[in-house]
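First listed ligand is number 1; within each ligand, the first listed atom is number 1. Computation of the quantities below employed the complete heavy-atom set of this structure, encompassing side-chain atoms and omitting hydrogens, waters and symmetry-equivalent molecules. We count residues from 1, following the sequence as given.
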Amino acid sequence: MDSEEGKSEIDRLSAEIERHNRLYYVEGESDISDRDYDEMFRDLELLEERFPEHATSNSPTKRVGGAPIEGFEQRLHEVPMLSIDDVFSEEELSDFFARLRKNLGKEEIPVTIEPKIDGVAVALHYRNGELDYAITRGDGTVGDVITENVKTIRSVPLRLPDGAPAWIEVRGEIFMSTKRFAIMNEQRQEQGLPAFKNPRNATAGALKLLDSREVARRPLDFIAHGLGGYEGDPINSVNEFHVVLKSNGIPVNHPVWEAIDYEGAVKAIREMDQVREELSYGTDGAVVKVNSIADQILLGATARAPRWAAAYKYAPEQVETVLRDITIQVGRTGSMTPVAELDPVLVSGTTVKRATLHNQDEIDRKDVRIGDTVIIEKAGEIIPAVVKVILEKRPAESHPYSLFDSIDGECPSCTSPIVKPEGFVAWKCQNPGCPAKAANQVKQFVSRKALDIDGVGSIVAEKLVEREMVVSPLDLFNLTESQLAPMNLGTKDEPRTLGQKNAVRIVGALEKARNAPLHRWLFGMGISQVGESAARELARLHRNFEEIANSEILQELKTFQTGQRKEDNEKLAQYEIASEVGPTVASSVLNFFALPAGQTFLQQLAELNLDPVSDNYAPVRVVADAEGAEAIAGKTFVITGTLSAPRGDFKERILALGGKVAGSVSGKTDYILAGDNAGSKLAKAESLGVEVLSEEAFESLAASASPEKASEPGELFDL
Ligand code: IVH
């Protein structure tokens, strides 16, 4: 066989194998025995070895993955990859149809209705029938190029049959079927590997692997649902698009319903609810799309999502299971949380084994008992919860549950007596040296919104406490690389050291954290009742820890009786203290610093030469500069569109200047900061008469409202 003949045989075998792949993986049938298929595959491999000049990167033999890569390249989406607006009820769906009728000026609007696939979005670009590249959604504008990983998915054609469009960008979801996910997890557990939480996580994890040979072993699948870029014969509707997909051997989502109005769509959605259990993938909703592409173009899109589509979300799935036991978790403040240990069940695509029971009051209210059959519910990423008990299934010998009795009144972690402080629902461990508290405190301290210590996660935090290398969070600052690097994170039998690289990373992050602003420290310390917003407000009112520990503002606030208002208080009115800081927060903070733990904290700070300062200190809004200062302080902003920096940066600045940031526009919105391509939020703001700020206008407002502009705070701070 010469090279020329080699090429034509390679082409023939490739096309034949792809055809069989399509039949098997896309259409679910097969007209060839496994043995014949394997033989063909083997022949192709041999020929490609013999004539490497004809072995292409899109050959079916390349689906087994190639050498690992260093990292993913990033690439701009030629057409931005938008999201879909969710609708959570039939009423909201009816509003969606009302908008369609209004915008299109007609009563009947043909739509398609199909299941929403719970997977990872990807765009596949085919040029002249060849898979050119595959890219993740990323932020919608730029994504990761994951071509090598995607090629391992058998249902993704590497080549399209003759007559394919010059360019077609097929969008769809990569997912794992519920069945294959379960099998994979079982196998992993047999091999002593950790199980994945749900098919979506497993899919996202697989696609992030840099070694495509490993990806090839994961049971990934693909279904198309949308059209991105396109050059070819006109496609006039969603239906026609489906025909194009089918004729090109690309897996199409099904079943698909059609309707011409709201009533029809609701009927389809209800029907889908009856059958969605049987789908191979997980789904929590139905996507309704305007069928006509011309109408889609007329309707257009906001910056976030097209106006021609809506994702109807089904109510969270409820599942019945048996509650085998109730265990107690000790939190960072020593609070005891009862946790239901359940017979594992699959809820909304996730295997659930535990659910929070919150506290004794909740248990009493629902009368939850060990041995009960319960209904649990899980929506999206939300922690599973016990909804109710099925009393008819209660075992005869059951008795009411008492948290206190179940642990003989002792902290399960340190055995010191537990107490229930007045006015609190949770039982607490009050031992300041309790190891469970220490580990959880460290976790809070290093978390992203606190001091953001890259490299210290749950496992490292627990090991540090277990080894007594860290007793309180501030001990972290005494750690050295040489102490950290050899630390064993595994077990005696299966050691796994932290390593030099991670040690350097951790020490570097700690060095950086020394300069973190006061509010991050406050949040990281895990003082009871002090969340992110309260921490920010405390830092607005005080310059440093010393001022907080001796704060007259907090003293005054602490004495407030229910119903008393800060605005009416002579001393406090001038501070315009936000609702996040009230008497409870004030007493919790003052208590903390009065207790030995707080005193030790202040002393340790001094020893470490640390004095975190507030970066948003502005206790009193200044009258002289009222125009600027009040422009942001106390005002509610909504940020939309593309700005010169991430929206989070603007949010930080607004919060630092005492303003608030909301996610959606309402009557309470004072300003909308609108960047390029601002969409529906801007429109809504305009319709409500909300003042619209360009980035430039915002900058001048911010400049006039900056704390440096406020007059000497010392004078006014005098209580
Ligand atoms: S249509 C721009 N159809 O869900 C909207 N999307 O949460 C056109 N998704 O961005 C997409 N199943 O990645 C469409 N049947 C389906 C879908 C689907 C899942 C994804 C898609 C979308 C996201 C929004």
A121: numbered ligand 1 atoms lying under 4.0 Å from its heavy atoms:
13 (O)
Indicate whether the side chain of D273 and that of Y312 have a donor and an acceptor atom separated by less than 3.5 Å.
no
For E108, is there an ion pair with K106 - N to carboxylate O distance below 4.0 angstrom?
no
So, N291 and Q296: side-chain donor and acceptor under 3.5 Å apart, yes or no?
no
Measure the acute angle between the ring planes of F637 and Y671, then classify it against the limits of 30° and 60° as parallel, tilted or perpendicular.
tilted
Suppose we measure from atom 22 (C) of ligand 1 to each protein heavy atom; which comes out shortest, and what is that distance?
R137 NH2, 3.5 Å
Ranked by distance from atom 5 (C) of ligand 1, the top protein heavy atom is I84 CG1, 3.6 Å
Please examine the side chains of L357 and V339, heavy atoms only from C-beta on, and report whether any two atoms are closer than 4.5 Å.
no
Atom 17 (C) of ligand 1: the protein heavy-atom neighbour that sits closest, reported with distance to 0.1 Å
H225 CD2, 3.3 Å
Ligand 1 contact on K116 by region, counting heavy-atom pairs under 4.0 Å:
both
Would you say the side chain of Y133 lies within less than 4.5 Å of the side chain of I135, judging by non-hydrogen atoms?
yes
Nearest protein heavy atom with distance in Å, relative to atom 21 (C) of ligand 1:
E173 OE2, 3.1 Å
Return the CG to CD1 distance between L160 and I168, rounded to the nearest 0.5 Å.
7.5 Å
Atom 12 (N) of ligand 1 sits nearest the protein heavy atom I117 N, 2.8 Å
Would R171 count as a contact residue for ligand 1, given that I'm defining contact as a non-hydrogen atom of the residue lying under 4.0 Å from a ligand atom?
no
Selection from Q296, E114, K313, M81 by shortest heavy-atom distance to atom 16 (C) of ligand 1:
E114
Nearest protein heavy atom to atom 8 (C) of ligand 1, by residue and atom, and its distance?
W308 CH2, 4.2 Å
Ligand-residue contact atoms, ligand 1 with L82, heavy atoms, under 4.0 Å:
2 (C), 10 (O)
For atom 3 (N) of ligand 1, find the nearest protein heavy atom and state the residue, atom name and distance (0.1 Å precision).
K289 NZ, 3.2 Å
Using heavy atoms and a 4.0 Å limit, tell me yes or no: is P115 in contact with ligand 1?
yes
Below 4.0 Å, non-hydrogen atoms only: which portion of D118 touches ligand 1? Side chain, backbone, both or neither.
neither
Does A311 have a non-hydrogen atom less than 4.0 Å from ligand 1?
no
Looking just at side-chain N and O atoms, do N149 and S212 make a donor-acceptor pair shorter than 3.5 Å?
no
Which word best sums up how the rings of F97 and Y262 line up, parallel for under 30°, tilted for 30 to 60°, or perpendicular for over 60°?
perpendicular
N253: numbered ligand 1 atoms lying under 4.0 Å from its heavy atoms:
15 (N)
Has S83 got any heavy atom lying under 4.0 angstrom from an atom of ligand 1?
yes
Taking K635 first and then D670, would you say they form a salt bridge - that is, a charged N and a carboxylate O separated by under 4.0 Å?
no
